[in-house]
Amino acid sequence: MSFGLPAGAREVVNSVFLYYCTKAGLDLAIVNTEKLERFASIPEHERELAENLLFQHPPKNLPEGHPRTKLLRNVPTDWREQSKEQRAAINHFHIAAITEHFRTATKKEKVRAEDLPLDERLANYIIQGTRDGLVEDLEKKRAEGTAPLDIINGPLMAGMSEVGRLFNANELIVAEVLQSAEAMKAAVSHLEQFMEKADTAKRGKIVLATVKGDVHDIGKNLVEIILKNNGYDVVNLGIKVPPEELIKAFQQHKPDAIGLSGLLVKSAQQMVITANDLKDAGIEIPLLVGGAALSGKFTQQKIAPSYGNAVCYAKDAMTGLRLMNELMDPATRETVVREHTATSEGVTVTTTMKVADLTPVTRSPKVRADLPIQPVAHLDRKVRLVPDLREVWSYINPFMLFGRHLGFRGDFEKHLAARDPKAVELFESMEEVKTDAAKWMKVKAVWQFFETEVAGEALHLFAPGTKEPLHTWNFKRQKIGDRLCLSDYILPAKDGKRDHVAVFVVTAGEGVRERAEAAKGSGYYFLSHGLQSLAIETAEACAEWLHRRIREDWGFPDAPEMTMAQRFTSRYRGKRYSFGYPACPDLEDQAGLWKLLRPEDIGVQLTEGFMMDPEASVSALAFQHPDCSYFSVGDDA
Ligand code: B1M
């Protein structure tokens with residue numbers, strides 16, 4: 001890039017040029033990163049000035065009386081169709097525009113990290129999530145006579161709170177927050193060797209646990225990582241923690257708050273019971289609660305009244321941190337406690353529908369009954385260690401892995417294809433996690449087709465040719481609208497032939513918790529969360545992979561041109577339904593599945609809360625009926 005351009009302009013044009021080159025497939029470039037601006041952080045206007053120059057865009061707002069108006073008006077947008085004179089005129093025009101901008105723009109001093117004052121540099125390591133040079137600078141700070149604790153509570157904590165601000169401003173994603181927490185952990189572990197035991201004053205202490213009957217870990221562990229690396233003492237009691245153990249932990253650790261986590265609605269109900277037991281034990285400290293199926297409304301209407309003291313709902317880990325900060329700050333504590341303490345016994349909202357209005361139906365008019373019964377390839381029980389991990393991983397929904405679990409915003413695949421640096425970095429970081437997991441992750445599946453007959457809402461499953469059902473599920477029917485019920489998707493037996501349902505359990509959870517715990521313990525937070533996220537989405541991917549095989553064994557394979565995206569939105573024949581989801585909300589029905597399939601043989605246990613241990617497990621029933629759709633039987637689960 002010609003030195004005729006102001007330095008600031010050269011940096012921006014170089015970065016935009018490199019961005020589009022990588023987009024066009026550039027593999028290698030020798031660049032001086034010092035003189036490059038991060039593409040994502042180039043202001044929109046400056047990016048446009050650079051793109052105009054690079055792509056010879058026809059000038060938009062040509063100033064009145066511009067000497068070359070004739071040459072610069074109505075020029076083709078594609079530079080290849082522009083005449084030689086036009087190209088030269090446009091080039092000069094854009095050079096003048098970008099030079100003018102950078103000549104007048106206040107010279108944006110791109111301060112090199114190492115030129116930053118020491119405190120800003122220390123905070124910057126945390127914000128950037130990098131450890132190169134961190135220990136040396138910590139030593140420099142100590143050499144200035146600053147006590148280790150003051151370094152932690154000073155520049156390092158300033159870095160972490162800036163990370164919190166950037167996260168809440170959608171400028172940092174979960175994956176980057178984890179890298180910042182890793183740098184914080186590394187800094188604190190280095191300084192701890194120079195601190196007296198008593199020195200390790202924490203901002204507060206919280207006992208964290210996943211409630212009784214629930215195996216959900218990934219959410220709670222994220223909360224632990226965020227709180228711990230923002231100066232809190234976290235006692236993580238793990239999963240399936242009964243109230244009595246929480247009460248013991250309260251007496252032993254005297255925490256400032258208790259954090260309850262859970263994945264399913266059943267866990268939310270367990271939180272109501274737990275809160276009540278804690279109250280009866282005379283515990284009054286604030287409770288923080290979170291989990292995928294939990295809501296602020298449920299917390300306020302159900303959990304808070306049963307506890308009688310402050311219960312704060314945290315939609316994500318960063319909210320958990322904000323709430324702890326406010327609770328531990330004398331200036332805000334009282335307000336937070338008051339706002340989160342139930343004033344009344346809670347409201348029981350019951351919707352009664354006059355049964356009289358409900359015309360009894362035994363089958364939804366929306367589901368055809370006169371279709372031929374599809375034969376199945378086999379009726380015996382299948383138990384498999386799914387060999388090819390990479391094949392199963394090709395069924396992972398990138399939106400869930402990179403979006404939901406790692407926080408990437410926007411269409412990850414599109415950004416990755418466009419070589420967006422953030423997407424590329426995240427992809428490569430997850431490839432490293434996959435390379436590690438490929439050495440030990442085991443994906444297992446157990447499944448079986450069963451002969452079926454229905455009677456209204458009851459679905460009977462039979463061993464081949466037998467009269468006595470092996471098991472019966474009584475599904476709920478919608479009270480309004482299409483009056484759908486899962487049993488409607490079973491065709492009536494005809495000419496001695498019965499329709500079928502496929503039942504399966506898959507898991508990718510073996511050894512995941514131990515390895516994620518170990519990585520978390522040694523401060524490799526991205527690896528820890530990455531492993532748990534990968535295992536969870538591998539289980540979901542294995543469900544997708546197996547369901548496809550089941551469709552093949554049912555004689556209606558997917559069309560060869562079907563894409564994964566179409567599979568993720570179930571654009572195939574039939575559907576699969578998982579207990580706990582809206583069409584079959586009763587988790588207790590998992591017990592029947594355990595009786596039929598014995599998933600213990602693939603290492604999956606059912607907890608007293610009817611959840612599957614390990615966490616990265618999925619169970620489902622697959623139906624072949626072309627009229628299958630996803631529906632809800634209403635919230636009286
Ligand atoms: Co499924 N699942 N799932 N699932 N799953 C839900 C929860 C569900 C709501 C989907 C639905 O109905 N639409 C539904 C529950 C409904 C109900 O309760 N009846 C459901 C079901 C039914 C099931 C199964 C039972 C289905 C089946 O196989 N039969 C099954 C159970 C698994 C088991 O028993 N082991 C199952 C399985 C799974 C997967 C394994 C495939 C996967 C992972 C689950 C997991 O996270 N451990 C999964 C997923 C991904 C989901 C959804 C889509 C997303 C959950 C999520 O984001 N997890 C969810 C639907 C939804 O929410 N839209 C759904 C990531 C995790 C990091 O987030 O747990 O929310 P989360 O933790 C957050 C916050 O909640 C908060 O901070 C954390 C980090 O930001 N937080 C706290 C949590 N605890 C906190 C404690 C605090 C503070 C903040 O204290 C200080």
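The structure displayed is predicted, hence computed values, not measured ones. All ligand and atom numbering here is 1-based and tracks the order in the structure.
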Heavy atoms only: which of A268, A541, S578 lies closest to atom 27 (C) of ligand 1? S578
Are any of the N/O atoms on M612, whether in the backbone or the side chain, positioned under 3.5 angstrom from an N/O atom of ligand 1? yes
Considering only heavy atoms of M611, which atoms of ligand 1 have at least one such atom less than 4.0 Å away? 34 (O)
Rounded to the nearest 0.5 Å, how far apart are OG of S161 and CG of L166? 10.0 Å
Atoms of ligand 1, numbered as shown, that sit under 4.0 Å from any heavy atom of G291: 70 (O), 75 (O), 81 (N), 83 (C), 84 (N)
Numbered in order shown, the ligand 1 atoms found under 4.0 Å of a heavy atom of F579 are 22 (C), 25 (C), 26 (C), 27 (C), 29 (N)
Which bit of V215 is near ligand 1, meaning a heavy atom under 4.0 Å away: side chain, backbone, both or neither? side chain
Let me see the working for I396 and L534 under side-chain contact (heavy atoms from CB on, under 4.5 Å), right down to the final yes or no. CA-CA 9 Å; I396 285 182; L534 180 63; 3.8 Å; yes
Residue pair A539 / S617: nearest heavy atoms and the distance that separates them: CB-N, 4.0 Å
Under 3.5 Å, N or O to N or O, is E540 touching ligand 1 that way? no
Near L264, which atoms of ligand 1 are under 4.0 Å from a heavy atom of that residue? 2 (N), 7 (C), 15 (C), 18 (O), 20 (C), 21 (C), 23 (C)
Rounded to the nearest 0.5 Å, what separation is found between the CG atom of L416 and the CZ atom of F427? 6.0 Å
L260 neighbourhood, listing ligand 1 atoms whose heavy-atom distance to it stays under 4.0 Å: 86 (C)
For ligand 1, is M400 a contact, meaning one of its heavy atoms is under 4.0 Å away? yes
Given S632, A508, S617, which has its nearest heavy atom closest to atom 32 (C) of ligand 1? S617
Does the N or O separation between S261 and ligand 1 drop below 3.5 Å for any pair? yes
What do you reckon, does H216 have a nitrogen or oxygen under 3.5 Å from a nitrogen or oxygen of ligand 1? yes
Taking only Lys NZ, Arg NE, NH1 and NH2, and the carboxylate oxygens of Asp or Glu, determine whether D586 and K476 approach each other closer than 4.0 Å. yes
Kindly confirm or rule out an N or O of A292 lying under 3.5 angstrom from an N or O of ligand 1. yes
Would you say G580 and ligand 1 have an N/O pair spaced under 3.5 Å apart? yes
Do any N/O atoms on V265 end up under 3.5 angstrom from N/O atoms on ligand 1? yes
Looking at F450 versus H471, is the centre-to-centre ring distance below 6.0 Å? no
Test: E171 and K422 ion pair at under 4.0 Å: no
Is the NZ or CZ atom of R381 positioned over W447's six-membered ring, under 6.0 angstrom from the centre and within 45° of the axis? no
For ligand 1 and P582, I'd like to know whether there is a polar contact (N/O to N/O, distance under 3.5 Å). no
Polar contact flag for K220 and ligand 1 (N/O pairs, less than 3.5 Å): no
Report the part of L222 (side chain from C-beta onward, or backbone N, CA, C, O) that has a heavy atom under 4.0 Å from ligand 1; answer both or neither where that applies. side chain
Considering Y630, Y313, Y581, which one's heavy-atom position lies nearest to atom 20 (C) of ligand 1? Y581
Could an N or O of ligand 1 be found under 3.5 Å from any N or O of H529, whether backbone or side chain? no
Walk me through it: do Y572 and H547 pass the test ring pair (Phe, Tyr, Trp, His ring centres under 6.0 Å)? CA-CA 10 Å; Y572 39 64; H547 190 189; 5.0 Å; yes
Numbered atoms and elements of ligand 1 in range of G259, under 4.0 angstrom, heavy atoms: 90 (O), 91 (C)
SB check D558 R551 (cutoff 4.0 Å): yes
Indicate the atoms forming the closest heavy-atom contact of F526 with V433, along with that distance. CE2-CG2, 3.9 Å
Under a 4.0 angstrom heavy-atom cut-off, which atoms of ligand 1 come close to L263? 7 (C), 44 (C), 45 (C), 46 (O)
Do F402 and F412 have ring centroids that are under 6.0 Å from one another? yes
Who gets closest to atom 85 (C) of ligand 1 by heavy atom: C542, G290, A209? G290
Would you call the rings of Y489 and Y577 parallel, tilted or perpendicular, where under 30° means parallel and over 60° means perpendicular? parallel
Partner of L606 under side-chain contact (heavy atoms from CB on, under 4.5 Å), picked from M611, E600, Q590, is Q590
So, does T319 sit close enough to ligand 1 that a heavy atom of it is under 4.0 Å from the ligand? no
S619: numbered ligand 1 atoms lying under 4.0 Å from its heavy atoms: 27 (C), 28 (O), 29 (N)
Would you compute the distance between atom OG of S306 and atom CG of L278 and round it to the nearest 0.5 angstrom? 9.0 Å
With heavy atoms only and a cut-off of under 4.0 Å, state how V223 meets ligand 1: side chain, backbone, both or neither. side chain
Rounding to 0.5 Å, atoms CH2 (W473) and OG1 (T452) come to a distance of 11.0 Å
Is A539 in contact with ligand 1, taking contact as a heavy-atom separation below 4.0 Å? no
Which is it for L294 and ligand 1 at heavy atoms under 4.0 Å: side chain, backbone, both or neither? neither
Taking Y524's backbone N and O only, do any of them form a donor-acceptor pair with S528's side chain (distance below 3.5 Å, no angle check)? no
So for A314, does at least one of its heavy atoms come nearer than 4.0 angstrom to any atom of ligand 1? yes
Can you tell me which portion of M324 lies within the under-4.0 Å heavy-atom range of ligand 1? Options are side chain, backbone, both, or neither. neither
Worked check of side-chain hydrogen bond (donor to acceptor under 3.5 Å, both in side chains) between N236 and K220: CA-CA 8 Å; N236 187 338; K220 166 178 63 60; 3.1 Å; yes
Pick one of side chain, backbone, both or neither for how H405 approaches ligand 1, counting any non-hydrogen atom pair under 4.0 Å. side chain
